[in-house]
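The structure appears right after this line, and notes come after that.
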Amino acid sequence: MLTSVRSLLTATVLAGAALAATPAMAQDDLGISVSGNAAIVTDYRFRGVSLSGGDFAAQGGIDIGTDAGFYIGTWGSSLANSDTTVMLDDGSGDIVGYDVGGYGALELDIYAGWSGEITDGLGFDVGALYYLYPNATNKDATSAAPDLTDYPVFDGYAAYDTDYWELYASLSPSLGPVDSTVGVAYAPKQDSLGGTDNLYLYLDLGMGIPETPISLSGHLGYTDGSLAPDLLAGGTDGNGLDWSIGADVAIGDKLSLGVAYVGTEGTSVDKLTDDAVVGTLSVSF
């Protein structure tokens with residue numbers, strides 16, 4: 001489903017408990033399936049950019065699908081809840097200590113879509129995804145915003161929205177032993193993206209090594225818009241690449257241990273857009 005859009009799609013232990021409590025026979029009778037997974041990652045990298053400040057993150061989600069290919073799900077991850085920017089004043093004292101705010105300690109995604117096969121060996125996936133930051137500070141804080149008449153440098157910081165949504169679509173052609181996915185994700189213009197839009201194109205490749213529990217993967221992505229890695233790192237380039245190459249080892253039917261080298265193009269900032277080795281321990285239900 002959405003794993004082609006968000007390669008580290010994983011779930012919480014609570015989601016696993018909910019799955020265990022769902023009668024499998026009832027699911028079969030209704031043509032509904034429930035699945036989920038849980039993971040600990042050494043760094044939450046979204047399209048090459050660290051959203052956990054280079055620290056460990058707990059992630060998780062749950063999917064509900066139908067025999068017809070329609071699905072709905074949710075996914076969450078802990079974030080870097082670092083200190084937020086504080087506006088300074090010029091001596092007048094008007095906005096001393098005003099907390100600009102941050103994205104908080106949690107990302108929660110809700111998505112729905114339709115996946116299946118166009119023909120034998122060619123899969124598809126289309127849907128919409130909403131990114132929420134439920135404990136972000138200063139979200140739409142118009143009532144708390146100070147008078148910024150004398151502080152144009154802070155214009156736009158006084159009140160802002162953090163949540164945004166995007167549409168996605170992908171094709172997954174079978175290339176012999178290699179699994180491949182070519183996809184696009186588009187976020188239309190919205191306030192949380194600074195009144196601009198964002199386009200993301202990507203290619204994912206993967207294959208298992210015969211007679212072993214090891215699988216290899218590669219990823220190449222291109223961003224054009226407000227979420228470009230260089231812009232997030234404080235640069236001026238509104239487009240850029242991200243990439244990764246990794247390996248996973250299956251431990252039984254449910255557990256997986258993985259490692260990946262992740263990088264981005266553009267300004268390199270420590271624990272944000274610098275190249276990093278990311279480890280993952282995940283379990284599926």
**Message:** Tell me if a side-chain donor or acceptor on Thr280 pairs with a main-chain N or O of Val41 at a distance below 3.5 Å.
**Reply:**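 No, because the side chain of Thr280 does not come within donor-acceptor range (under 3.5 Å) of the backbone of Val41.
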
**Item:** Donor-acceptor contact below 3.5 Å, side chain Thr42 vs main chain Gly279
**Value:** yes

Locate the shortest heavy-atom distance separating [X] from [Y]; write the atom from each residue and the value.
X: Leu79; Y: Gly104; value: CB-O, 3.8 Å
X: Ala187; Y: Leu193; value: CB-CD1, 3.7 Å
X: Tyr168; Y: Ala128; value: CE2-N, 3.5 Å
X: Ala169; Y: Val126; value: CB-CG1, 3.8 Å
X: Arg47; Y: Thr264; value: O-CG2, 4.3 Å
X: Tyr103; Y: Thr162; value: CE2-CB, 3.7 Å

Within-4.5 Å side-chain heavy-atom neighbours: [X] and [Y]:
X: Val278; Y: Tyr261; value: no
X: Asn239; Y: Asp237; value: yes
X: Phe56; Y: Ile40; value: yes
X: Leu199; Y: Val184; value: yes
X: Asn198; Y: Thr223; value: yes
X: Tyr131; Y: Glu166; value: yes
X: Ser78; Y: Leu106; value: no

Cluster link [X] to [Y], ILVMFWY, side chain under 4.5 Å:
X: Leu171; Y: Leu203; result: no
X: Leu205; Y: Met207; result: yes
X: Val269; Y: Leu231; result: no
X: Val182; Y: Leu201; result: no

**Prompt:** Sequence neighbours excluded, which residues qualify as side-chain hydrogen bond (donor to acceptor under 3.5 Å, both in side chains) partners of Ser77?
**Reply:**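 Testing Ser77 for side-chain hydrogen bond (donor to acceptor under 3.5 Å, both in side chains), a comparison that skips the adjacent residues, returns Gln59.
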
Between [Y] and [X], is there a side-chain donor-acceptor contact under 3.5 Å, judged purely by atom types and distance?
X: Asp63; Y: Tyr111; result: yes
X: Asp230; Y: Thr267; result: yes
X: Tyr130; Y: Asp109; result: no
X: Ser268; Y: Thr273; result: no

Using distance only, find each side-chain donor-acceptor pair of residues 240-258 under 3.5 Å and give its atom names and separation, not counting sequence neighbours.
residue	atom	partner	partner atom	Å
Asp242	OD1	Tyr200	OH	2.9
Asp242	OD2	Tyr200	OH	3.2
Asp242	OD2	His219	NE2	2.9

**Request:** Please work out which of the three classes, parallel, tilted or perpendicular, describes the rings of Tyr164 and Tyr133, given edges at 30° and 60°.
**Result:**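 The rings of Tyr133 and Tyr164 lie parallel, inter-plane angle below 30°.
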
**Item:** ring pair (Phe, Tyr, Trp, His ring centres under 6.0 Å) partners of Trp114, counting only residues at least two apart
**Value:** Phe70, Phe124

**Request:** Could you walk me through whether Asp125 and Tyr71 pass the side chain to side chain donor-acceptor pair (under 3.5 Å) test, one step at a time?
**Result:** CA-CA 10 Å; Asp125 187 6; Tyr71 62 87; 2.5 Å; yes

**Asked** Could you walk me through whether Ser52 and Asp43 pass the side chain to side chain donor-acceptor pair (under 3.5 Å) check?
**Response** CA-CA 6 Å; Ser52 62; Asp43 189 2; 2.9 Å; yes

**Prompt:** Any salt bridge between Arg45 and Asp274, counting N to O under 4.0 Å?
**Reply:**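 Salt bridge present between Arg45 and Asp274.
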
**Request:** Could you tell me if the ring centre of Tyr44 sits under 6.0 Å from that of Trp75?
**Result:** yes

